[in-house]
Chemist: 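Structure provided below as structure tokens; questions to follow.
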Amino acid sequence: MEDHLQNLYEVLSKVEGYVYPNEIELNWSILIVLYPYITGLVAGAFILASLERIFKIKVLKPTYGIALLTAFSFMLVATMPLVSHLGKPLRAYEIMITPHSSSAMAIFGFVYLWYLMVVLFLEIWFDYRRDMVIWGNESKGVKRFLYKLLSLWTTDISPKAVALDDRIGYIVTVIGIPSAFLLHGYVGFIFGSIKANPWWSTVLMPVIFLFSAMVSGIALVMLIYIVLTKVRKQLIDMECLDTIAKYLFYILVIDFALEGLDQIHRIYVAEESFEALHKLVFGKLFYTLFIYQGLLGTVVPLLTLGTLQFYKPKASIRKIIYIILPVLVLMGIFFMRWNVVIGGQLFSKSFYGYTTFKTGLIGMEGYLMAATWLIIPFLILSFLLWLLPPWNKIETSHE
Amino acid sequence: MNQDTTKLSRRNFFKAGTVLASGVAIASALTPYDGLLFAAESPGAKGKWYGIGIDINKCIGCGKCANACKQENNVPKDPFYFRSWVEQYTIKNDGSILVESPSGGVNGFTQSVPDNEIYKSFFVPKMCNHCAKSPCTQVCPVGATFETEEGIVLVDEKYCIGCRYCVQACPYGCRYIHPEKGTADKCTLCFHRLKHGLQPACFEICPTEARIFGDLNDPGSKLNYFLKNHNCMVVKPHLNTGSKLFYNALSPEVR
Amino acid sequence: MPQHIKRLISVFAIFIVLFLVMRQVLKPSSFGKLGHFRADAIYENTLKPMHYTIADSCTKCHKSVRAEKDKGFHKRLKCEVCHGPGLKHSLFAEQFKGKELPDSLKLYKPGERKDCGVCHQKNAARIKIQFDTINTTMVHQIDLAEHNPPDLKANEPANCIDCHNPHQP
């Protein structure tokens, strides 16, 4: 509390021009940057998984299971940054019992549950049920219990039952694709629908969020796949990586085009807010927008991936590229969220001035808290990979 | 034969047209504006429908309103939390615009630009606009903020989850998160005073009667007299918030 | 229907039923009566304590001041404009007639240059002010730095009330 006020007085001394007095405090901080970031990773990873399953791109097989489990682990944590930034976290349940139909945020609980339980959980469950039954019979102790619990003590693994599982899993994935679009497009709408804020208020916001989500999710799975294969001392499937890189390239092109379109439109129509935003972009957002998001996060990966479509260096070099690029892309998308969430609050809605972002290391909204919510999904993923290793599954060809 | 069909089709056209037109008319009369989206009904003919008038020509920037608001409503004293504040706009001869609001104006103002550089200067008291289509009410995910039937936007501090979405949605910067309560806080038009037949504190205290408070539904109210006799304007009309805070002599620089 | 599908459906059904039950239990009773909010919140908002009183309550004791003020330029000003919120002050006076006011309830007596300057310090944004009353034409604008500047030698700033009666300036 005292720290908070001290922080605010420091920010007050750094205010440029005039901001409404209530705007000195940045209401949405680093945790709300994480929220669309993590949700985006989920949606992106899921889209990659469904490329294999629905669009039958078989080379992507090695990443299918990893992508699904990645999506699931991040999904479990997706709400936590939101809940922990609330002024009254214990009242979070209200959003489920009395959702306000006109609020873009209210339906989040339901969209989230739908995506977590109906899409991700069911797809993984039907995909792993036979294996869980078998593993449950083979293992002992806690692991045995976990398998039994997760498979709901079912035993039927006749070819007929397995075929049914596969059929249902396919249907779930088909439902899952629009759901993933809904989930992340919806997160974009939370920002895009705020007419008070010209930096957010654009119809393109949901679409931009969606494509940047796919970009980040695909990059994350790519990275996790490489790291996992190295850890397991297996051979990296270069054909698979090349294909992922190809899709990453395509979607990055769309993402770049959409964001470019958004900015060109802003510049051309040059509305009331233009001067204020122009100053913001070339001032407080210069590094995060032009250098981190634009140059390192978009242009460099775009050029590299574009080049790879015509000219393929040898595998060892491509491997290094495939490690560096996802990191750049993940960083770029993180700063994209940053520029939207933080950038949208740095200028005053009076367009006469700017406030400053400042947060501490500790505290509910500090960097440590944010780091925690970024690390926990990886711990969950490690656990899931230990419990449900996709590489130990019985080979099934998804029909 | 040919003529008949023409007649027939014309008659049909008129018929269809009338049905369509009356349908549209009835539909628009029934729902002049989507009431589902908002907690309260749109301004009805009966009951009170509060509005606010501020005469910028009369405001002397004493900041008594901002000060009174803080005291009446126990608003935290730090200069980051305001339900009501005053801004001084100074347009210089070179065309640049300077906006100041030291501590929201609670301690008054001192002129910071020498007279010979000033093209014009004026004070603008700011407060919640109690919008009829309030963006903050629209975005509240749990229904912890609402419009009463008198047109006052209130917060339910026992139900607010502190998500801060409403703070983002208010185009006028009139909401903040109460540092101790952790919930959204805003002007209530001194709802607790209205119920005793008293005026909100900032209106009560204004020494120059620059602030006029009244019932928009009452044709004889002071507010309606003020609105009829002055060219009044709301801030950011393009956002269609249904603002009920009307300024006389509002300069286009004010945002 | 195969056994595992049945089990899965029952697990989902249990969760949905649990959710519906929780919803009924947790939803506040007055929610939705008047719209999508807790109707009780309207009443609760009226319970906030008041601090400012109304003009008449001052006159009950301070009759002579009121009479004095009514003759001067400040006649349209309410007492609390300068003296601050006085509800507790007047309630105490009413309840315990004749009893000494505790210090905490004594109201502010302004008179320093900064107090009067809040309205009267010359400011480019104030000069245009025209009142539509008969007696006053504007709020007097004084340049506090020039108007009878405080005697620096005596190191004692001259207060406005040394010369002006604030109730009848």
Side-chain angles (χ1 to χ4, degrees), chain B residues 36 38-41 57-64 67-68 71-74 88-90 107-111 113-115 118 120-123 137 140 142-149 152 154-159 188 190-196 198-199 201 204-210, chain C residues 27-28 30-32 34-55 57 73-74 76-87 114-133 136 138-141 143-145:
Chain B
L36 238 190
F38 300 94
E41 305 258 34
N57 281 341
K58 281 189 180 176
C59 178
I60 56 167
C62 61
K64 295 284 183 191
N67 196 358
Q71 303 204 48
E72 175 71 19
N73 297 297
N74 290 321
Q88 178 168 16
Y89 279 70
T90 307
N107 301 316
F109 289 83
T110 31
Q111 188 179 325
V113 182
D115 278 345
I118 296 179
K120 66 170 175 176
S121 182
F122 50 87
F123 296 107
T137 306
C140 177
V142 298
T145 182
F146 52 93
E147 291 166 32
T148 68
E149 51 182 6
I152 301 174
L154 294 178
V155 175
D156 179 352
E157 59 178 47
K158 282 193 188 160
Y159 207 64
T188 63
C190 284
F191 200 62
H192 59 298
R193 293 176 67 84
L194 293 186
K195 290 294 143 176
H196 293 100
L198 301 173
Q199 287 203 68
E204 192 77 61
I205 217 69
C206 180
T208 62
E209 289 165 32
Chain C
K27 194 173 169 178
S30 73
F31 202 97
L34 298 171
H36 194 85
F37 59 96
R38 229 162 41 87
D40 289 351
I42 296 182
Y43 172 67
E44 284 161 19
N45 261 291
T46 64
L47 298 179
K48 300 277 163 63
M50 286 203 289
H51 294 83
Y52 279 85
T53 175
I54 37 174
S57 47
F73 287 123
H74 281 170
R76 296 182 71 150
L77 296 194
K78 283 154 188 154
C79 310
E80 289 171 313
V81 173
C82 302
H83 294 287
L87 183 67
K114 67 168 172 56
D115 295 322
C116 302
V118 160
C119 295
H120 294 290
Q121 161 69 45
K122 194 168 135 309
N123 189 314
R126 278 182 194 140
I127 289 172
K128 64 185 185 297
I129 295 142
Q130 296 280 325
F131 271 29
D132 43 10
T133 46
T136 11
M138 62 154 60
V139 176
H140 279 281
Q141 296 292 292
D143 191 340
L144 291 182

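Everything numeric in this text was worked out from a predicted model, so none of it was measured. Every chain is numbered from 1, with letters handed out A, B, ... down the list of sequences.
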Chemist: Heavy-atom pairs under 4.5 Å with chain B: which of Gln121(C), Arg38(C), His74(C), Lys114(C) has the most?
Modeler: Arg38(C)
Chemist: Who among Lys158(B), Gln199(B), Lys195(B), Lys120(B) has the most heavy-atom pairs with chain C under 4.5 Å?
Modeler: Lys158(B)
Chemist: To the closest 0.5 Å, what do you measure between NZ (Lys78(C)) and SG (Cys206(B))?
Modeler: 9.0 Å
Chemist: What orientation do Phe37(C) and Phe146(B) show, parallel under 30°, tilted 30 to 60°, or perpendicular over 60°?
Modeler: parallel
Chemist: Counting only heavy atoms closer than 4.5 Å, note whether Ile42(C) contacts chain B via side chain, backbone, both or neither.
Modeler: both
Chemist: What part of Glu72(B) gets closer than 4.5 Å to chain C, counting heavy atoms only: side chain, backbone, both or neither?
Modeler: both
Chemist: Nearest 0.5 angstrom please: Glu204(B) CD to Glu80(C) CD, how far?
Modeler: 7.0 Å
Chemist: Which atoms form the tightest heavy-atom contact between Cys62(B) and Val118(C), and what is the distance?
Modeler: O-CG1, 3.1 Å
Chemist: Flag the pair Phe123(B) / Arg126(C) as yes when at least one side-chain heavy-atom distance between them is below 4.5 Å, and no otherwise.
Modeler: yes
Chemist: Which residues from residues 44-51 of chain C are near chain B, with near meaning under 4.5 Å between non-hydrogen atoms?
Modeler: Glu44(C), Asn45(C), Thr46(C), Lys48(C), Pro49(C), Met50(C), His51(C)
Chemist: Side chain of Arg193(B), backbone of Tyr52(C): donor and acceptor closer than 3.5 Å?
Modeler: yes
Chemist: Mind checking what makes side chain to side chain contact (heavy atoms under 4.5 Å, CB included) contact with Gln111(B), not counting sequence neighbours?
Modeler: Asp115(B), Ile118(B), Asn123(C), Ala124(C)
Chemist: Identify which of Gly61(B), Gly108(B), Gly143(B) forms the greatest number of heavy-atom pairs closer than 4.5 Å to chain C.
Modeler: Gly143(B)
